[in-house]
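Here's the structure, in structure tokens; my notes come after.
A note on names: the letters A, B, ... follow the listed sequences, proteins ahead of strands, and every chain is numbered from 1.
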Amino acid sequence: MKTRDLAYVALFAALTAVLGLLPAIPVSALPVPITAQTLGVMLAGAVLGAKRGFLALLLFLVLVAVGLPVLAGGRGGLSVFVGPSAGFLYSWPLGALVTGLLVELLWRRLNLVTALVATVVGGIGVVYAVGIPFISLYSDAPLSAAATGSLVFVPGDLVKAVIAAVLAVAVRRAYPVIERPRQEATRP
Amino acid sequence: MLALYVPRASLLHRTPAGVKLLVLVVLGAVVFTVPTLPVAAGALAGVVLLGLLAGRLPAAVLVRQARAVAVWVVAIVAFHAVATDVLTGVTTGVRLLALVLAAAVVTATTRVTALVAVVEKVCAPLRLVGVRPARIGLAVAMALRFIPLVAERADRIREAQAARGGRVRGPRALVLLVVPLLVSVLQLAHTVGEALDARGADTA
């Protein structure tokens with residue numbers, strides 16, 4: 001991996017940390033305010049692509065694990081990796097990976113709709129597919145109960161997926177980092 | 001940047017990071033394979049005593065962590081009280097507290113640098129597939145430097161937008177902030193990567 005790619009990976013790990021510092025956005029008709037942190041998951045995949053996006057979130061988890069308070073609300077350390085909601089953390093690199101795979105696949109026809117598909121599948125689908133069974137296993141509660149409890153986060157996550165899709169399309173136009181495979185191949 | 005490490009001169013602080021992590025893993029395996037109240041309660045008592053006495057940590061460190069997961073404990077106990085029985089709920093809740101506090105004790109008694117060293121050591125076998133463990137340390141160092149930089153650039157963009165007047169709120173404000181921010185920091189990362197290569201980072 002080139003040092004430049006390593007810098008991109010470090011950048012999106014840092015960006016995810018900074019997104020955790022942003023004040024939570026209160027959404028009316030929602031009991032929990034949404035934090036911008038999972039936006040980092042979708043953005044890392046959508047801007048950097050599968051491999052670098054995956055590594056960026058993995059690096060972010062390393063920062064959390066070594067005891068830096070980079071999670072939303074100044075949390076961090078090893079405790080969050082053994083709590084009931086740890087599954088959501090573990091899902092983040094995978095979420096970025098899947099978002100990145102889809103964005104790479106749809107790169108040539110990336111628009112708001114296709115980008116939204118990528119951010120919803122990777123940033124919401126994968127995250128819940130890992131996080132909800134984890135809660136259920138951890139607390140000995142059936143899957144349905146864990147899923148119902150997580151439903152409150154869906155509206156906020158949908159808002160984030162739309163924001164991430166808008167950003168992904170804008171950044172692709174302004175500063176594309178994922179290059180077209182064909183262009184790469186024909187380069188001397 | 002403020003870490004969650006609590007500097008003290010104690011037995012637990014002197015214990016190698018790798019040993020503490022191993023104990024944490026074993027503890028996790030035990031409380032999950034033997035899900036009974038005495039085991040969970042014993043683990044919790046042991047962790048608290050170890051943290052306060054062998055680690056000389058202020059009680060506030062443990063209280064803060066306990067408070068952070070209090071919502072979960074209450075929710076789990078309440079759920080089991082309704083769905084199964086109170087004993088299962090209490091066991092699961094106590095187990096959760098024991099694990100979270102044990103992890104908090106390891107974090108509070110181990111320096112960030114020591115934990116990064118463990119990460120590099122654990123990743124050493126990846127050398128076989130072409131990953132250089134030293135690059136992990138470089139990535140961590142870069143990320144730590146980028147956090148204040150990204151925050152600073154975000155502030156600068158926000159100030160510039162405020163200076164031009166108009167105030168946008170909600171999700172739209174986030175888009176208007178993050179697009180220029182991303183372009184700016186992507187350029188920065190690109191430059192940093194090239195600068196590092198020019199100084200021989202690629203061969204290190």
For B/Leu101, is it the side chain, the backbone, both, or neither that has a heavy atom closer than 4.5 Å to a heavy atom of chain A? neither
Turns out that what part of B/Leu24 lies under 4.5 Å from chain A's heavy atoms comes down to side chain
Who wins among B/Asp197, B/Thr107, B/Leu186 for the most heavy-atom pairs under 4.5 Å with chain A? B/Leu186
Taking all heavy atoms of A/Tyr8 and all of B/Ala189, pick out the closest pair and write down the distance. CD2-CB, 3.7 Å
In terms of heavy-atom proximity below 4.5 Å to chain B, should A/Val177 be classed as side chain, backbone, both, or neither? side chain
Taking B/Val183, B/Leu96, B/Thr84 one by one, which has the highest count of heavy-atom pairs under 4.5 Å against chain A? B/Leu96
B/Leu115 and A/Ala65: which non-hydrogen atoms are nearest, and at how many Å? CD1-O, 4.0 Å
Say you draw a straight line from CZ of A/Phe12 to CG of B/Leu182; how long is it, rounded to the nearest 0.5 Å? 5.0 Å
Just so I understand: if I count every heavy-atom pair under 4.5 Å between each of B/Arg64, B/Gln65, B/Arg145 and chain A, which residue has the most? B/Gln65
Check whether B/Val119 gets within reach of chain A through its side chain, its backbone, both or neither, counting any heavy atom under 4.5 Å. side chain
Residue from A/Ala86, A/Ala164, A/Ser139 scoring the most non-hydrogen pairs under 4.5 Å with chain B is A/Ser139
Least distance between heavy atoms, A/Leu15 atom then B/Leu181 atom: CD1-CD2, 4.3 Å
Could you state the interatomic distance from CG (A/Leu78) to CG (B/Leu99), rounded to the nearest 0.5 Å? 11.5 Å
Considering all heavy atoms, the nearest A/Ala10-B/Ala139 contact: CB-O, 3.6 Å
Chain B heavy atoms under 4.5 Å from A/Val162: which part of the residue, side chain, backbone, both or neither? neither
Minimum heavy-atom separation for B/Ala143 to A/Ala14, with atom names? O-CB, 3.6 Å
Per the ring-ring contact (aromatic ring centres under 6.0 Å, His included) rule, what does the pair list look like for residues 14-42 of chain B, sequence neighbours excluded? A/Tyr138-B/Phe32
B/Thr91, B/Thr92, B/Val100: which one forms the most heavy-atom pairs within less than 4.5 Å of chain A? B/Val100
In Å and rounded to the nearest 0.5 Å, what is the CG to CD1 distance from A/Asp140 to B/Ile76? 9.0 Å
Highest number of heavy-atom pairs under 4.5 Å with chain B among A/Gly83, A/Ala13, A/Ser85 belongs to A/Ser85
Engaged part of B/Ala83 at the chain A interface, taking heavy atoms whose separation is under 4.5 Å: neither
Pick from A/Ile135, A/Val82, A/Leu55, A/Leu43: which one has the most heavy-atom pairs with chain B under 4.5 Å? A/Val82
Would the number of heavy atoms belonging to other residues, nucleotides or ligands and lying under 6.0 Å from CZ of B/Arg111 be above 12? no
Checking A/Leu39 against chain B: side chain, backbone, both or neither under 4.5 Å from a heavy atom? side chain
When you compare the side chain of B/Val178 with that of A/Ile163, does any pair of heavy atoms fall below 4.5 Å? no
Could you look at A/Val171 and say if it's the side chain, the backbone, both or neither that has a heavy atom under 4.5 Å from chain B? side chain
Under a 4.5 Å heavy-atom cutoff, which of A/Val166, A/Val47, A/Leu63 has the most pairs with chain B? A/Leu63
Please lay out, stage by stage, how A/Leu11 and B/Leu188 fare under the test side-chain contact (heavy atoms from CB on, under 4.5 Å). CA-CA 9 Å; A/Leu11 174 66; B/Leu188 175 79; 5.6 Å; no
Could you state the interatomic distance from CZ (B/Arg135) to CG (A/Leu6), rounded to the nearest 0.5 Å? 5.0 Å
Which of A/Pro84, A/Ala145, A/Ala170, A/Pro142 touches chain B most, by non-hydrogen pairs under 4.5 Å: A/Pro84
